[in-house]
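This report refers to the structure that appears directly beneath it.
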Amino acid sequence: MLEIKNLHANINGKEILKGIDLVVRPGEVHAIMGPNGAGKSTLSSVLAGNPAFTVTEGEVNFYGKDLLTMLPEQRSWEGVFLGFQYPVEIPGVSMVNFMRAAINEHRKYKGESPLSASDFLRLMREKREVVELDNKLANRSVNEGFSGGEKKRNEIFQMAMLEPRLSILDETDSGLDIDALRIVSEGVNKLKSNDNATIVITHYQRLLDYIKPEFIHVLYKGRIVKSGGPELALELEEKGYDWIKKELGE
Amino acid sequence: MVMDIAKQYIDLFDQARQLIDKPCPPLMNSQRQDAYARVLEKGLLPDNKEKYAHTDINGMFAPDYGLNLNRLPIPFDPYDVFRCDVPNLSTFLYFTINDQTYPNDHSSVRLPEGVYAGSLNQFISEKPEIASKYYNKQAQNHTDGPTALNTMFAQDGFVLYVPRSVRMEKPLQLINVLKSDVDFMVNRRILIIIEAFAEAKLLVCDHAMNGVNYLANQVIEVFVDEGAYFDYYEIEENNNSTHRISSYYLSQERNSNVQTSLITLMTGVSRNNAYVTFAGEGAETHLSGMTIQDGAQQVDNYTFIDHAVPNCMSKELFKFILNDQAQGSFAGRILVREGAQKTEAYQSNKNLCATDEARMFTRPELEIYADDVKCSHGATVGQLDDNALFYLRSRGISEKEARMLLMFAFTSDVIDQIRLEPLKERLKQLVEKRFRGELAKCRGCNDCH
């Protein structure tokens with residue numbers, strides 16, 4: 001479904017991604033690991049279409065379509081979802097209005113009519129249960145006053161609502177306690193199917209105990225320098241990233 | 001140059017004095033001479049010219065507008081055009097056409113005992129003692145040029161009088177309609193008297209009909225006596241060819257509580273003055289405002305809160321949303337006089353420039369002569385948050401819709417201040433329509449824009 005070829009990107013003229021190649025097929029779970037500053041978050045931002053980044057070279061195909069020419073909202077309609085490392089607080093926009101606007105634009109894109117108020121609220125209720133998100137939170141402004149764990153659960157809730165084909169979860173585990181980590185991971189696992197795929201971006205092995213990826217990639221200095229199976233994550237956990245650096249002759 | 005612009009009004013006044021006085025009670029006529037002297041001496045600008053730095057007052061008054069000094073009747077029944085435009089809000093409904101109160105022909109409307117709502121002229125005739133205690137009492141103390149001009153030319157207007165201890169459960173709604181076939185000036189006068197321990201809520205909607213150029217120069221005097229509660233909500237939905245100067249004078253006695261919301265949804269050029277004076281201790285005022293502007297619209301809000309006595313509280317919140325080449329201005333002066341201890345005065349002005357061409361001027365001004373007070377002020381001018389915008393778009397919300405959601409969110413705390421639930425809901429709808437570029441029409445009115 002996703003094919004990334006030689007992707008280069010920069011922010012404010014500074015090159016962060018220096019030639020990424022990656023293929024993801026339906027049903028797969030990939031983990032991208034790497035030290036701070038390797039470009040993990042940049043990769044997710046570029047895939048979601050954050051206008052702060054500029055792609056200078058390479059291509060990204062999503063089900064045969066050129067993802068890079070699409071607006072962020074179009075990518076969402078096509079089924080790309082980014083779980084933010086730092087979900088944005090939006091005072092004054094209620095979760096309900098936010099999700100209704102999102103769902104109805106997705107439906108419009110598919111040629112469907114807007115959901116009725118009662119159907120929409122039913123959907124909200126059903127999906128909230130996936131991540132045990134409190135009804136009170138659903139009535140508040142987007143992420144405003146949410147704890148770190150609530151914000152991440154809210155990301156997975158939105159993912160459940162939008163049913164993406166490709167989910168990119170950017171350090172969803174950062175700032176989570178064990179309980180929240182379990183709830184978030186279980187949410188991700190429940191949403192997994194043979195038709196969708198997940199890219200988990202993480203610094204630590206811990207999340208991967210819950211969300212079990214088949215493919216592990218190590219991102220370092222803007223390139224994927226090593227790929228392997230689940231055993232690679234364990235090796236990283238044990239030896240740290242210095243081992244990779246040594247292998248690269250640094 | 002300044003005098004030239006005032007001169008046409010001076011000349012008109014000299015020539016038409018008899019005509020102006022004719023339909024009016026002596027009380028109104030007795031106030032004209034001082035106002036005339038003020039305009040003759042100083043023109044239309046105030047002593048402090050800086051006060052009008054961002055509104056071209058002379059430019060506003062320069063064109064040759066018609067005035068209806070002859071009191072020619074305007075054949076128009078507002079009940080044909082306006083339905084109650086706030087669903088689920090039952091009000092006592094009144095209209096002014098230009099400066100004249102339209103006869104309230106609804107026999108079903110029974111105001112609480114002793115309450116007066118209607119024509120200013122009639123009120124002065126019926127209750128001369130009360131009227132003379134209040135009419136022009138605040139306005140005459142201010143050296144504002146347009147206010148003096150209003151006093152010179154005012155021939156009628158609207159009065160709400162709520163006697164002591166009367167609580168009006170049902171709000172009153174006043175719809176001001178500008179209607180003329182030629183370019184037209186209106187000097188509307190509104191007088192509101194809420195006696196001790198009384199309660200009232202007034203919703204004022206300003207509309208302009210027909211596409212001519214209007215200059216609406218209105219003066220609103222509000223007196224809120226001891227322990228009384230009053231809410232004043234004003235929604236301006238004029239057209240792009242309306243110039244409006246609205247001067248709101250509020251005086252509050254001991255332990256009174258007032259909420260004032262000044263909301264501009266549509267205008268050409270508007271200048272709103274709000275003067276609040278605390279005349280008795282323990283009083284509280286909430287003054288908020290919001291504008292949504294696009295095209296070349298200009299709104300200039302000036303506020304002056306005079307903490308003349310101790311133990312009063314004022315809270316001010318003004319927000320501007322500026323699109324296209326719109327220009328906004330806010331100047332908020334707070335004066336805490338010597339001896340006004342335990343004053344609490346808070347002011348906040350937040351502004352959103354949604355385009356690079358939009359311009360905002362903001363100037364807080366605190367003058368404090370007492371030492372035991374709590375005062376704060378803050379002003380910000382910003383753009384839409386790029387991170388929030390991307391977040392919304394990443395969920396499939398189109399850029400246009402996302403921008404609208406964020407602008408809408410920006411207005412929420414001003415709307416939340418409204419103490420009338422149905423009006424809150426209605427205003428949310430109006431604001432959303434406004435952002436969608438649909439003119440903010442009231443329901444059932446096909447004619448007003």
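So that the names make sense, note that chain A is the first sequence line, chain B the second, and so on, each numbered from 1. Here the structure is a predicted model, which is why all the values come from computation and not from measurement.
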Heavy-atom nearest pair, Ala409(B) first then Pro91(A), reads CB-O, 3.3 Å

Closest non-hydrogen atom pair, Gly92(A) against Ser412(B): CA-OG, 3.7 Å

Mark yes when over 12 heavy atoms from residues, nucleotides or ligands other than [X] sit less than 6.0 Å from its [atom1]; otherwise mark no.
X         : atom1 : result
Tyr86(A)  : OH    : no
Lys315(B) : NZ    : no
Asn194(A) : CG    : no
Tyr229(B) : OH    : no
Lys350(B) : NZ    : no
Arg140(A) : CZ    : yes

Tell me, side chain or backbone of Pro164(A) under 4.5 Å from chain B's heavy atoms, or both, or neither? neither

Qualifying ring pair (Phe, Tyr, Trp, His ring centres under 6.0 Å) pairs, either residue in residues 110-157 of chain A, two or more places apart: none

Can you check whether anything in residues 383-398 of chain B gets within less than 4.5 Å of chain A, heavy-atom wise, and list it by number? Asp385(B), Asn387(B), Ala388(B), Phe390(B), Tyr391(B), Leu392(B), Arg393(B), Ser394(B), Arg395(B), Gly396(B), Ile397(B), Ser398(B)

Residues of residues 62-72 of chain A under 4.5 Å from chain B (heavy atom pairs)? Leu71(A), Pro72(A)

Counting a contact as any heavy-atom pair under 4.5 Å apart, which residues of residues 104-113 of chain A contact chain B? Glu105(A), His106(A)

